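Worksheet: one structure, shown below.
Lettering of chains follows the sequences in order, A, B, ..., and the numbering in each one begins at 1. Bear in mind the structure is a predicted one, so any value in this text is a computation, not a measurement. Side-chain atoms are counted along with the backbone in the values below, which use heavy atoms only and exclude waters and symmetry mates.
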There are 2 protein chains.
Amino acid sequence: MSAAGPRPVSIFDVAKRAGVSHQTVSRVINDAPMVADATRARVKAAIADLGYRPNRSARTLAGGAVRSVTVFTFDTSLYGTAETLRGIEDAASAAGFTVLISVLDPEQTYTEGDILARLSHDGAPAIVIAHDETTTQARRVLRNAQPGAVVATGDDQLGREPDAADWLVPLDDRAVAKRATKYLLSMGHRTVHYLAMPGKARRQDGWAEALAEAGVEPPEVVQSGWTIGSAAEAAAGLVADSEVTAIMCGNDDLAFGVLHAAHRAGRGIPGDLSVIGCDDSPMAAYHVPGLTTMDLDFRGVGRSAFELLRHKLEGGPDPRPSWRSPELIVRETSGPPRH
Amino acid sequence: MSAAGPRPVSIFDVAKRAGVSHQTVSRVINDAPMVADATRARVKAAIADLGYRPNRSARTLAGGAVRSVTVFTFDTSLYGTAETLRGIEDAASAAGFTVLISVLDPEQTYTEGDILARLSHDGAPAIVIAHDETTTQARRVLRNAQPGAVVATGDDQLGREPDAADWLVPLDDRAVAKRATKYLLSMGHRTVHYLAMPGKARRQDGWAEALAEAGVEPPEVVQSGWTIGSAAEAAAGLVADSEVTAIMCGNDDLAFGVLHAAHRAGRGIPGDLSVIGCDDSPMAAYHVPGLTTMDLDFRGVGRSAFELLRHKLEGGPDPRPSWRSPELIVRETSGPPRH
DNA sequence: GTATCAACCGTGAGCGCTAACATTTCCTCG
DNA sequence: CGAGGAAATGTTAGCGCTCACGGTTGATAC
């Protein structure tokens, strides 16, 4: 009834009811010490009676502890971002934080002001799930504007960005891609082709690195969009080429696209062509044939990102990063080439 | 720099710089009339110079127009909810609204207080993406507490809930499931089995209704969880039974699980078994074989939900609901039964 | 030249809360 | 038994903004 009804109950109403000052009520709802048990109980009863609920705007305005995070991301319906978001949400709500999301459109360019304007206020804490150009730019902007209140996940750029450990939960995409490529190479493939999604340069780097170490000249990268459909289209040429025996894909969705294209082209999997994905999305295990891929713990990364942010905000012991490390999962889309 | 730096620039700083009162600045940032063009320009210049950005907390506290929505949902990584969320986000950010998300855990039960506490303040506008028990309960709680500021999407319960049109963007799951079932029946199947996901009773109703109209006794419903894996497991018995020639699934993910189980059981698709999903997720078109399913415009539903909420908040002309109506998409997992 | 009325702009209060400090109470100890 | 001090509570100010006014212009009308 409160929407249209009378003014919602405030801290003063509770105070009056409990026969204390409003500040005491504030202490109770903030679990502050220095309140007698009896008083605390009385206040809590009053809160329950009146159905009081604190007003977050007032709280943040008054300069109390921050209790919200803005998450910048670029597409909530992709497996990786959705899972990361979920991880952030889990950790955040457990800690009593509100999470706001701000979805950036990869097609659009944003000015610094555009991005900062999406924060609820100047200096508001933020997490950036940076998996493409646009979000990487957001990461840069936020990091410049308010280094104390930003954390990011995504493309590992360790070594290029200063103090990355303080504010970045890296996925080490390079190592992941390298591992996958090496595996394919180890199966006896002469070379491995790469189907790239937009703005994930580090995975491509890892692939190139693995090839370089094996002494093979990397073939031309084939560029795809983010959707299964775009991958199927982009890979049409690749799968038609009988010289191509192994393709590594930027993520699982792209791999499904490739598999579809390969099927249409009549190429046998994995006899004629090995395909490997990345992310281990739920579909990977149930696709027929089962998709070989890299398991990435996005949810864990999201949780860790939140913990890191919280650490920056509130201090306390260094949070140990706690996500499963990436792991190769061999299923049925990969094998030795047929001679 | 504002996080650790000096106090962020406020409306007063801008006012001083522009040589006007703070109220005039407020007028400018709110696009209010009654400000001379010259003054407006001067203020805007000052805003740009100082890099001023309004503080949302202060704005909502001071009782201005509401500019945020809290979205209640139960799993941001499912296709349907992710897309709906995306639709809401699109519309909301276009309208200058902030979107907060609040993820409810289906395993958990929430008290009325728990749910209301997730609002940023008493009476804060909310959208509920109600696809299961928990979110449906949230919908009920919010609707009771603040009918003026709640809108929901999801399971159609028209006829049972009063004034549904005012606050519900229905998906008419019943009709969708009925359509799919009728299609299967029309292919010549004696009966259609149903693999249910948790808490989507209306789809089951539609299936039962279609069977009833065809004069066939509905077989026992098989219950699944939300994941592909749980579906594969739950459907194991069904696919092993050669009497079963058609299965309709609660959504596409479940259908993929069934397809997987069928493959393992050695049943031919669609010769031995027809499978139909629901949602037309991106994978449906690229799965081999292509999944027959119902196309649902979740994104449009999300957009409409936001528009409806905005209408309730700000008045104005009735928003025309504008989402594509559900459509049957026939691909390769369905066909007539083999005799 | 004065009343009239827009258009424009400023002043003060207050939203609900917390920080910082002031005050009271009550126990401990020499 | 009074000084000292900690625990418990109250008081005041102010966060950044909007609302509801009140004041000031300048053009127009008579």
Side-chain angles (χ1 to χ4, degrees), chain A residues 2 6-43 46-47 50-68 96 98 117 119-124 314, chain B residues 2-3 6-43 46-47 50-68 96 98 117 119-124:
Chain A
S2 31
R7 128 165 348 131
V9 351
S10 83
I11 206 179
F12 284 89
D13 303 318
V14 176
K16 194 165 161 198
R17 170 87 164 217
V20 297
S21 81
H22 67 111
Q23 178 60 7
T24 300
V25 177
S26 171
R27 288 190 183 100
V28 171
I29 62 180
N30 286 301
D31 279 322
M34 303 288 109
V35 179
D37 286 350
T39 316
R40 190 180 297 273
R42 203 143 33 89
V43 171
I47 289 177
L50 266 33
Y52 164 79
R53 265 155 305 120
N55 181 319
R56 305 214 196 216
S57 297
R59 273 164 105 143
T60 58
L61 218 213
V66 191
R67 285 194 191 75
S68 68
T98 298
L119 293 172
S120 66
H121 62 270
D122 227 343
E314 304 174 355
Chain B
S2 33
R7 124 164 352 130
V9 351
S10 83
I11 207 178
F12 284 89
D13 303 318
V14 176
K16 195 165 159 197
R17 170 87 166 218
V20 297
S21 80
H22 67 110
Q23 178 57 14
T24 300
V25 177
S26 172
R27 287 190 185 103
V28 171
I29 62 181
N30 286 300
D31 280 323
M34 302 289 110
V35 179
D37 286 350
T39 315
R40 189 181 297 271
R42 203 142 35 87
V43 171
I47 289 177
L50 266 33
Y52 164 79
R53 264 154 305 118
N55 181 318
R56 304 213 197 216
S57 297
R59 265 154 99 128
T60 58
L61 219 215
V66 190
R67 286 193 191 73
S68 68
T98 297
L119 293 173
S120 66
H121 62 269
D122 227 343

Rounded to whole Å, how long is the line connecting atom [atom1] of [X] with atom [atom2] of [N]?
X: B:Asp13; N: D:dC17; atom1: CG; atom2: C1'; value: 13 Å
X: B:Met34; N: D:dA20; atom1: CE; atom2: P; value: 16 Å
X: A:Asp37; N: D:dA7; atom1: CG; atom2: P; value: 14 Å
X: B:Leu61; N: C:dC15; atom1: CG; atom2: P; value: 10 Å
X: A:Arg40; N: D:dA8; atom1: CZ; atom2: P; value: 9 Å

Which heavy atom of [X] sits nearest to which heavy atom of [Y], and what is that distance?
X: A:Ile47; Y: A:Val14; answer: CG1-CG1, 3.7 Å
X: A:Ala15; Y: A:Ser21; answer: CB-C, 3.6 Å
X: B:Leu61; Y: A:Ala58; answer: CG-CA, 3.9 Å
X: B:His22; Y: B:Ile11; answer: O-CD1, 3.5 Å

message: Counting the atoms with a prime plus P, OP1 and OP2 as sugar-phosphate, which does B:Thr39 contact under 4.0 Å by heavy atoms, base, sugar-phosphate, or nothing?
response: sugar-phosphate
- prompt: Does a nitrogen or oxygen in the side chain of A:Thr24 sit under 4.0 Å from OP1 or OP2 of D:dG10?
  reply: yes
query: Cut-off 3.5 Å, side chains only: do A:Thr98 and A:Arg56 have a donor facing an acceptor?
result: yes
task: Report the distance from atom NE2 of A:His121 to atom OG of A:Ser57, rounding to the nearest 0.5 Å.
output: 11.0 Å
task: Using a 4.0 Å cut-off on protein heavy atoms (strictly under), produce a 5'-to-3' string for nucleotides 17-28 of chain C with B for base contact, S for backbone-only sugar-phosphate contact, and - for none.
output: BBBB--------
message: Can you identify which nucleotide, out of C:dC9, C:dG16, D:dT9, has its nearest atom closest to the B:Ala36 side chain?
response: C:dC9
